[in-house]
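Letters A, B, ... are given to chains in the order of the sequence lines, protein chains preceding strands, and every chain is numbered from 1.
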Amino acid sequence: MTTHTEHTILTLRNVSKTFNTQKGDITILQNVSLTVSAGEKIAIIGPSGSGKSTLLSLIGLLDTPTEGVVEVAGRNISTLSENEQAQFRNEKIGFIFQSFELITPFTVTENVTAPLDIGHSVVDTKEVQDLITHIGLGGRSQAMTQTLSGGEKQRVAIARALIRKPALILADEPTGSLDRATGERVLTMLLDSVQNSNTTLIIITHDESIASRMDRVFEIKDKGIHERS
Amino acid sequence: MSDLKLIFVYSARIVTRQWRTFVLPFLSLSITAVVLTLILLITQASSLLLDQQSRALLGGDIVLETTKPIDTQVFWEKVGIQPTQQSDQLSFSGTLQSSEISSPFSIQVVDDSFPLYGEVTLAQGTFEKVGDSEIYLDDAGAKKLGVTVGNTVTFGTQSFTLAGIIVSEPTSLFGGFRFLPRAFMSQSGFSSAGIDPQLLRVEYVYATVFPNLTNEQIATIRSVEESYGRGTVHVDIAGQDQRGLQFGLNTVSSFLIVAVLMTSILAAVNVYASTLYLVSTERKSLAILLALGLPKYSLIRMLGASLAYIVVLSCVVGIVVGNGLFAVLVSYIGDVFRIQLPTPHLAVYGLITSALIGTIATASFIPAMIQSLSLNPKQILIGGEEDMKKQTSLKTVALISISTLVPLIIFASYLLESVVYGVLTILAIALVYIVIAGLFSYMLSLFYKRRARYSFFVRSIISQKKADGFFGIISFTSLFIALVSISSLALIQLSLQNYLTNDLAQSVPTTYVLDIQPSQKDIISERFPQVVLYANIRARIIAIDSLRVQDELTRPDSTLDRELGREFNLTSRNDLLSNELITQGVWGEGRKGEVSVDEEFANRASIKLGSKLVFSIQGFEVEGIVTSFRSTDSRSGLPFFYFVLSPQDVGTFPSVYFGYSYADTAEQNALSTFVGTEMPNISVIDTQSIGPQIIKLVETLLILVLVVTLPPLLIATLLISTLVISSYASRRREGARLRAIGATRAYVLRHYLIETVSLTLFSAVISYALSVLISYGINTFFLKLDSTVFFDTELLVGLGLIVTSIGCIGLYLFKTDTMPLRELLSYESNI
């Protein structure tokens, strides 16, 4: 099922990324072009080393392209300074990582509100508590993250990614560290959450069953990207 | 949340929830703050004491000292000022007697004005003045003679009543260390004793009061002093000339500053290691914050704020404890030495301590800051390829080194009051550190490359040490330096103690007899033939061949050794002593016109065989040709003279005699009783009592130096402990893997414990071995001791305790780890 919106949230035009390593220059992506509309759910699939993570880091403003243009929410990110990129990331993009990557010294609530704190936004305590309850951790909002199971950690990560109602959520193998049943629950929660908020979701995955639940699937191969029909 | 609030809230969370990471920096900075506070307060209090009580310590505003009486009226007329008050005193050594015991004393004859400043404190009662038939003794003297207040003490044939026991008098600190106990008698009391001052080696002291001296007057005084001729009149001015005590305080200050610098550098290393460790272990959390939009600058401020909490807490703890220790010390010094140390401005020195601690912390934080700037969230969180860093490693190392050293140099320059010394001291310490760290690192790499040759057990230890990385190298180096310092000092002290109590005690004469006048010599020889006597003639060198020594020394551009201008003690005899050896030439056997010179001195003074020496003795010139060089074993305790002349050349000159004897206690007592009654100007010294005094003095000095090295040792041990604790997470996983392939828990424990203590044990063994070599070198070539102590039980026990304590920490961590094997081997890491 596809939810189609009129606005373009992400555009990649002839994007290339080359790394200068000890072994010499390595081109990971070459002339990649891509357009994603707001509210779409996208899966990016490909073999190991194909450039999925590189593509994700370019979209997420964690890296800059060697060539080409990356536009997120209408802004050409290459023109942004480092601080502007940080601010943009805070406001527009949410991350969910395979290894959860919660902030170790923080509680569940503190992890969820971190994007608001960093963005100097007002924290609506009720809204935060409602979100934590929605992800099933209402009774553990003050727990330290080390005491959580894998599934619980990933749910906290989802809540953290959603708290600022970002335009775009980037998920790198979000169920990769979870067992099948837990992964299924987490994925369902993620998909429901983005559906309700009309947030664009881009998932990196190896799992064809996950990819099949997305609106569009792109495959990275031979330094390029093409959409599966 | 505002930016500032974000910084403080997040940094507080890090500190409170990752507090284990901050324990080491907190303890290190606290110890440094304690040491710094204590030392700043001690040195400032001592300086204040000297400033505020300089007059009392000196005994007057201006004090003249001469070996012959002078007309002070003439002196002051030349200066153009007159003192408002003057106290004339004599100082000499002589023998006092009680009913049973005779003993040498340092005797001070004072007038009614004494003391001009300060107070004399008695054990009981109040001191007003010394009465005509009264005598006052210090506590050591009273104990020596076995007398109490009211008992009779005789000097020569004159009896005095012990009127009081002096606990402290104002000038007692100024003269420095004294072997002899002190006695005070009045001018009239001394006169009534009927002793001719010419028989005594007297120092005449004229203490004066000049309330408002100007710089011009001081300059005039100095020039009048010079006009009297070298060595005739010595002038001390309060606040300007502070010999023994000031020198002692300066020496103590230097040692204490070394302690502070070593402690500070180690504290800086610990803070550096801990902050780097924090950035390393929390890099994912920090990367997340960056990924969530936190600017790097804010991240650095957040980490800096975390450290700032620790700095503030350390300063508070350190300053409070330091002030407490200072109060205890002031009370102790007041009770034992009756000296009231003034209290400096505590708030000012608290601020200075805080500023210096902040400087250390800032210097140590810079590398962590640089590391934070290089955090790459993409690489940490997502992975993949990374752009190669251009050859910046050397530049980064240089930047880190310079940015860390500069604040430490500023810190050292402040303490040492000299930029040059500050730079040299820090660079010297850094160089020692680098050399040792480099050697250790090289050895480790060498063993690591060859690890395949060793057993699994040894290989895993080597690999673990390699994995400890920079932290491990720093830990080893810190502990090694501290242990070498303490071990060397302990072994040297023990060797010195052994030498003084055993070796020297066997060879040194039991008795020295001082200040025997020519008129007394024959009587002493007749009554006590076992006493060997030597003439002691005061002389100056006028010429060595064509070189006119005294004239040469007056030239401003003279490069001549200034020691050649002083008065020397000459002697004359026909025979060599048992501790002397002719190294060149021929012994003169008392032939007229021949001189024998000490070989070392001859080399220093460029005196050769055949050189003609001219001496000035009591206004007369005496010549001699150098016919032999001697070497003297000074450890024998027999008299040592640079120059030995013929009795035919100097026998007619009046001289004081010095004697020694191997008399037993009974003979010694008989001699003491005789001179106490008949010749009280003579002092009979029991040499066996000097040894313990020297040992006590050496012990006090070495205790001070040991105290100096204790804080660095403590911090170094803390560093090793933190290494053990911080590496436990990876070690427990390693242990889990071993158990997964069949190792028992006991095997894993044994393996882990040996790994844990290996660095400390290695450091202890190598440092002890090096300390043995260092102490041997110092003892043999510098102190010239007969033997070196190689085993110090207390030291070995101390080293063992350090190794054991590290092992106990490891054992505790292992035993309290209850995580099941399944969880240890799971994908999720739970620290």
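Ranking A:Ile118, A:Leu61, A:Val123 against chain B, the residue ahead of the rest is A:Ile118, based on heavy-atom pairs under 4.5 Å. Comparing A:Ile103, A:Ile204, A:Asp25, A:Leu116 by how many heavy-atom pairs each has under 4.5 Å with chain B, the most go to A:Ile103.
Heavy atoms of A:Glu173 lying under 4.5 Å from chain B are absent altogether. Of the atoms belonging to A:Arg160, it is side-chain heavy atoms, and not backbone ones, that fall under 4.5 Å from chain B. Looking at A:Phe106, the atoms closer than 4.5 Å to chain B (heavy atoms on both sides) sit in the backbone and in the side chain alike. Contact of A:Thr66 with chain B is not made at all, since no heavy-atom distance falls under 4.5 Å. With a 4.5 angstrom heavy-atom cutoff, A:Asp117 touches chain B via backbone and side-chain atoms both.
With values rounded to the nearest 0.5 angstrom, B:Lys284 atom NZ is found 11.0 Å from A:Leu102 atom CG.
Using a 4.5 Å heavy-atom threshold, the side chains of B:Glu282 and A:Pro105 count as touching. Two residues are said to be in side-chain contact when any heavy atoms from C-beta on lie closer than 4.5 Å; A:Glu110 and B:Arg17 meet this criterion.
Judged as a side chain to side chain donor-acceptor pair (under 3.5 Å), and not counting sequence neighbours, the contacts of A:Glu84 are A:Ser81. Not counting sequence neighbours, the partners of A:Ser78 by the side chain to side chain donor-acceptor pair (under 3.5 Å) test are A:Asn76.
Within residues 287-303 of chain B, the residues approaching chain A closer than 4.5 Å by heavy atoms are, in numerical order, B:Ile288, B:Leu289, B:Leu290, B:Ala291, B:Leu292, B:Gly293, B:Leu294, B:Pro295, B:Lys296. Of residues 307-316 of chain B, no residue lies under 4.5 Å from chain A by any heavy-atom pair.
For B:Arg451, the CZ atom counts as densely surrounded, since its 6.0 Å shell holds more than 12 non-hydrogen atoms of other residues, nucleotides or ligands.
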